[in-house]
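Start at 1 and go down the list; that is how both ligands and their atoms are numbered. The basis for the numbers below is simple: all heavy atoms, side chains too, and nothing from hydrogens, waters or symmetry mates.
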Amino acid sequence: KTLLDVRNVSKRYSQETLALSNVSFSVNEGEFVSIIGPSGAGKSTLLRCINRMIDATDGEIILDNENILNYNKKDLRKCRSKIGMIFQHYNLVNRLSVIENVLHGRLGYKSTFAGMLGIYSEEEKRQAIKLLGMLGLEQEIYKRCDQLSGGQKQRVGIARALIQDPKLLLCDEPIASLDPNASKVIMDYLKTVSTTMGITVIVNLHQVDVALNYSDQIIGVSKGEIVYHGSPKDITNSQ
Ligand code: ADP
Ligand code: ADP
C-alpha cells in the first residue's frame, strides 16, 4: 500500500536557485528508502517539503491519500503528527534530561498547559521509558543530554520522533556527524523501526555503501533532479 506519493515536485528558493526540479517517486508502507547525492543536491529541501516545513513551488505530495500541499494551518498539525523528523545535529535541548527531550516530541505538547509546564502523565512517561529501553538507553534516562555521546543523542532523537507514533520517519543526514560504529548502530535501529514497527523510513545519506546495505529503494539526486531510482540489486547488477 502506498503511503507517500511525490508527484512532479519542484522547489524554487529564488530566481537562481531551483533546488528541486520535477521530482516524482512513491513509497509503500514500511519501506526503507535512501536518498543519496552530494551536498547541495536538494535532499534536505525534499524532506522539508514533505514535512511542510517549507512549501513546494509546484507539484503534489500525497501522504496517506491526502494532498498535503493543500493543507491549511490546522490540517498541517494532523499531517505533521504522521511524520517524525530526525536531524543531523539531533536538535535536542541540552540542558534537559533525556526523558524530558523525548516527552517534548509528544504530539501537541505545546498546546496544553501541562505540556507547556513540562508536566506529563504517568502513561506518557512509561511510553518514553519503554522507547528509551528499546533504543538501549535505559542507563541514560535521567542524564542531561549534554552528557551523551553523539550516537546516544541520535537515539534520543529517534525516541522523540517515535513517541508521537508516526507513520513516516524522515531522517536528514542522521549519521553525518557520527563515527562508523555509531553510524551502524543508528542505521540498525532505523532498519528495525521499519521492519518491526512497520514505520516507513526515508533517510538522506552521503554514503552509497550504507544505502546499499539497508534500503528497499535508493533514489539518487543531483542538482535537484532524480538521476537514479532503483533497488540495491539493480545498482549492483548494473556494475
Ligand atoms: P542537500 O540537502 O542535498 O545538501 P539542500 O536541499 O540543502 O541540499 O540544498 C539544495 C539547494 O538549495 C542548494 O543550492 C542550497 O544552497 C539551496 N538552499 C537550501 N536551503 C535554502 C534556503 N533556505 N534558501 C535559499 N536557498 C536554499
Ligand atoms: P522556541 O521557543 O524557540 O520556539 P520550541 O518550544 O519551539 O522553541 O522548541 C524547543 C525545542 O524543542 C527545540 O529544540 C525544538 O527543536 C524542539 N521541538 C519543537 N517542536 C518539536 C516537536 N514537535 N517535536 C520535537 N521537538 C520539538
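- Only one option out of L162, I158, T196 pairs with M134 in a side chain to side chain contact (heavy atoms under 4.5 Å, CB included); it is L162.
- Distance alone, capped at 3.5 Å, is enough to place a donor-acceptor pair between the D179 side chain and the N181 backbone.
- Taking every non-hydrogen atom of R48 and a distance limit under 4.0 Å, the qualifying atoms of ligand 1 come out as 20 (N).
- Assignment of P38 to the shell around ligand 1 is supported, since a heavy atom sits closer than 4.0 Å.
- Residue E173 does not touch ligand 1, judged by heavy-atom distances below 4.0 Å.
- Judged by distance alone, with hydrogens and angles left aside, the side-chain atoms of K43 form a donor-acceptor pair with the main-chain N or O of G37 at under 3.5 Å.
- For ligand 1, the atoms lying closer than 4.0 Å to a non-hydrogen atom of K43 are 1 (P), 2 (O), 3 (O), 4 (O), 6 (O), 8 (O).
- Given atom 17 (C) of ligand 1, the protein heavy atom at minimum distance is T17 CG2, 3.7 Å.
- For the ligand labelled ligand 1, residue S39 lies inside the 4.0 Å heavy-atom shell.
- In terms of polar-atom proximity, defined here as any N/O pair under 3.5 Å, G40 does make such a contact with ligand 1.
- The nearest pair of heavy atoms linking S26 to D5 is CB-OD1, 3.3 Å.
- R7 and I62 get closest at one heavy-atom pair: CZ-CG1, 4.0 Å.
- For ligand 1, the polar-atom distance check against N204 finds no nitrogen or oxygen pair separated by under 3.5 Å.
- Once rounded to the nearest 0.5 Å, the distance linking OG of S215 with CD1 of I202 reads 11.0 Å.
- Scanning all protein heavy atoms for the shortest distance to atom 8 (O) of ligand 1 gives G42 N, 3.0 Å.
- Atoms of ligand 1 lying under 4.0 Å from at least one heavy atom of A41, given by number and element, are 1 (P), 3 (O), 8 (O).
- Looking only at protein heavy atoms, the nearest one to atom 19 (C) of ligand 1 is Y13 CE1, 3.4 Å.
- Annotation: atom 2 (O) of ligand 1 to nearest protein heavy atom, S44 N, 2.8 Å.
- Using a 4.0 Å threshold on non-hydrogen atoms, atom 15 (C) of ligand 1 does not count as touching the protein.
- Distance check, rounded to the nearest 0.5 Å: CZ of R80 to OH of Y71 gives 12.0 Å.
- For atom 6 (O) of ligand 1, the closest non-hydrogen atom on the protein side is T45 OG1, 2.5 Å.
- Within the model, atoms NZ of K11 and CG of L46 stand 12.5 Å from one another, a figure rounded to the nearest 0.5 Å.
- Between the side chain of R12 and the backbone N or O of Q15 there is at least one donor-acceptor pair closer than 3.5 Å.
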